[in-house]
Amino acid sequence: MNSTRPDAAPPPAPADDPQSNALWGGRFSGGPAAIMETINASIGFDRKLWRQDIAGSKAHATMLAARGIITTADRDAILKGLDQVAAEIEAGTFQFRTDREDIHMNVEARLRELIGDPAGRLHTARSRNDQVATDFKLWVRDALDRLDADLKALQAALIDRAEEHAGTIMPGFTHLQVAQPVTFGHHLLAYVEMLGRDRGRVRDARARLNECPLGSAALAGTPYPIDRAMTAAALGFDRPTANSLDGVSDRDFALEYLAAGSIVAMHLSRLAEEIVLWCTPQFRFIRLTDAFTTGSSIMPQKRNPDAAELVRGKTGRVIGSLNSLLVMLKGLPLTYSKDMQEDKEPVFEAEETLALCLAATTGMIRDLTVDPAGMRRAAELGFPTATDLADWVVRSLGVPFRDAHHIAGRAVKLAEAKGCGLSDLSLDELCSIDPRFTDDVYRVLTLEASVASRTSLGGTAPDTVRAAVAAARGRFL
Ligand code: ARG
């Protein structure tokens with residue numbers, strides 16, 4: 001069907017156009033259809049890889065000369081020319097051309113314009129297949145390092161605020177029902193742990209990524225006497241990849257970046273959801289300043305936590321990127337297929353989203369003001385010290401916990417019926433449930449006593465939280 005469309009037929013290639021199929025002109029005489037050029041080109045997005053492409057080419061040219069594959073004069077011309085290309089891109093004067101398809105061919109074709117013949121020797125013993133795998137790995141490696149730094153900055157903000165609020169009481173929830181009192185500092189430190197695991201995943205991914213595909217060539221290796229260890233070292237890799245077929249077809253490093261990033265985004269989304277809840281008048285736990293909220297065009301009283309909602313909302317982009325890449329790769333036979341050109345945009349999009357969401361979250365954590373009275377009011381609502389009452393019965397009366405749970409449950413029922421808190425029940429009322437109650441029980445029914453008692457490792461007692469803050473600084477910052 002498509003072949004009947006007039007625009008599907010390749011336009012005749014101007015025989016005198018030196019750029020026409022410059023890189024595979026031997027075999028091809030016609031140029032691509034306009035739509036072919038459009039679907040085929042990746043320069044619109046892979047220009048992001050220009051620094052990596054130039055670094056990779058410099059390492060390759062240096063190695064080719066060291067191995068006597070090109071002359072030192074050609075190497076010097078190539079290195080100088082590549083610096084000039086870099087300067088043009090940096091200065092914004094470089095003309096990115098769709099007819100040159102991708103960043104690799106744009107750089108090489110411009111190099112040829114600048115230095116002539118020596119440029120033609122740069123592509124000896126390599127292919128765009130190992131070139132793009134190397135460039136993309138270098139880019140993802142930097143992205144992993146940026147992600148780690150952004151995660152660390154958020155941890156620092158959380159730890160600072162946790163220290164400030166090591167003793168600020170709030171309700172702890174299960175099922176979003178008040179469960180037991182905790183401190184806000186303790187709650188924030190939970191996120192510090194999540195982000196710490198995220199950073200561990202980033203570190204693991206970086207270590208696995210750090211093998212250099214350059215020298216795998218098109219897929220099978222090369223007959224030239226190259227030194228793969230040399231280019232690997234020059235580009236900061238630990239070693240060359242062991243198998244050339246795998247070297248050009250592996251995109252696990254991108255998947256691992258997106259998988260780790262998806263978990264980061266999920267963590268940020270959970271925190272964002274809490275921020276959204278916490279600043280409602282119903283919760284009234286925190287307030288965000290004008291810096292991180294918007295008003296309503298119609299309801300003057302509104303102060304909406306848009307940044308938090310967007311952090312929550314953008315999570316889908318990152319998870320979607322992981323999904324795109326998995327689906328793109330899953331049916332591909334070894335080695336390279338053009339489908340793989342689709343690997344970059346999801347990663348670029350996820351990287352931008354993660355950087356934005358992490359910066360916004362760090363900003364909100366530093367911006368938020370806590371309403372201790374609001375937190376306290378909420379903590380008092382749901383009989384949060386019922387477990388403390390049961391524990392007192394166990395310890396003071398020697399009753400098994402299951403029976404103590406039953407006794408405490410009856411006290412809750414009575415308080416509920418009276419519309420009061422547990423500590424508002426009189427001793428007579430408590431003794432009507434179990435005659436062995438004494439005055440001592442009131443000691444454990446306050447929120448302060450409840451949190452202060454939870455001194456077990458990782459628990460919510462303010463002193464334990466302060467120690468955890470100090471430990472977290474040492475572990476993460
Ligand atoms: N633009 C391509 C990509 O991003 C570069 C590799 C092209 N290789 C090839 N055999 N056509 O995947």
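Just so it is clear, the values below take in all heavy atoms, side chains as well, and ignore hydrogens, waters and symmetry mates. Order of appearance sets the numbers: ligands from 1, and atoms from 1 within every ligand. In this chain, numbering begins with 1 at the start of the sequence shown.
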What protein heavy atom is closest to atom 6 (C) of ligand 1, reported as residue, atom name and distance in Å?
Tyr336 OH, 3.4 Å
Is the CZ atom of Arg146 crowded by more than 12 outside heavy atoms at less than 6.0 Å?
yes
So if I count the atoms of ligand 1 from 1 in the order they appear, which ones are less than 4.0 Å from some heavy atom of Ser42?
1 (N)
Nearest-contact summary for atom 5 (C) of ligand 1 - protein heavy atom, Å
Asp102 OD2, 3.3 Å
Identify the protein heavy atom lying closest to atom 11 (N) of ligand 1, giving its residue, its atom name and the separation to 0.1 Å.
Arg128 NH2, 3.5 Å
heavy-atom search around atom 2 (C) of ligand 1 in the protein gives Gln341 OE1, 3.2 Å
Run the salt-bridge test on Arg366 and Asp160 with the 4.0 Å N-O cut-off and return the result as yes or no.
yes
Val178 and Ala379: which non-hydrogen atoms are nearest, and at how many Å?
CG1-O, 4.1 Å
Phe285 and Phe184: aromatic ring centres closer than 6.0 Å?
no
His104 versus ligand 1: do any nitrogen or oxygen atoms come within less than 3.5 Å of each other?
no
Taking the ring centre of each residue, are Trp50 and Phe94 less than 6.0 Å apart?
no
Side chain to side chain contact (heavy atoms under 4.5 Å, CB included) between Leu138 and Phe237, intermediate numbers included:
CA-CA 9 Å; Leu138 289 171; Phe237 288 104; 3.7 Å; yes
Numbering the atoms of ligand 1 from 1, which are under 4.0 Å from a heavy atom of Lys344?
3 (C), 4 (O), 12 (O)
So that I can tick it off, tell me whether Glu256 and Lys137 are bridged by a salt bridge, with the cut-off set at under 4.0 angstrom between side-chain N and carboxylate O.
no
Flag Glu101 as yes when one of its N or O atoms lies below 3.5 Å from any N or O atom of ligand 1, and as no otherwise.
no
Who's the nearest protein heavy-atom neighbour of atom 10 (N) of ligand 1, and how far?
Asn129 OD1, 3.0 Å
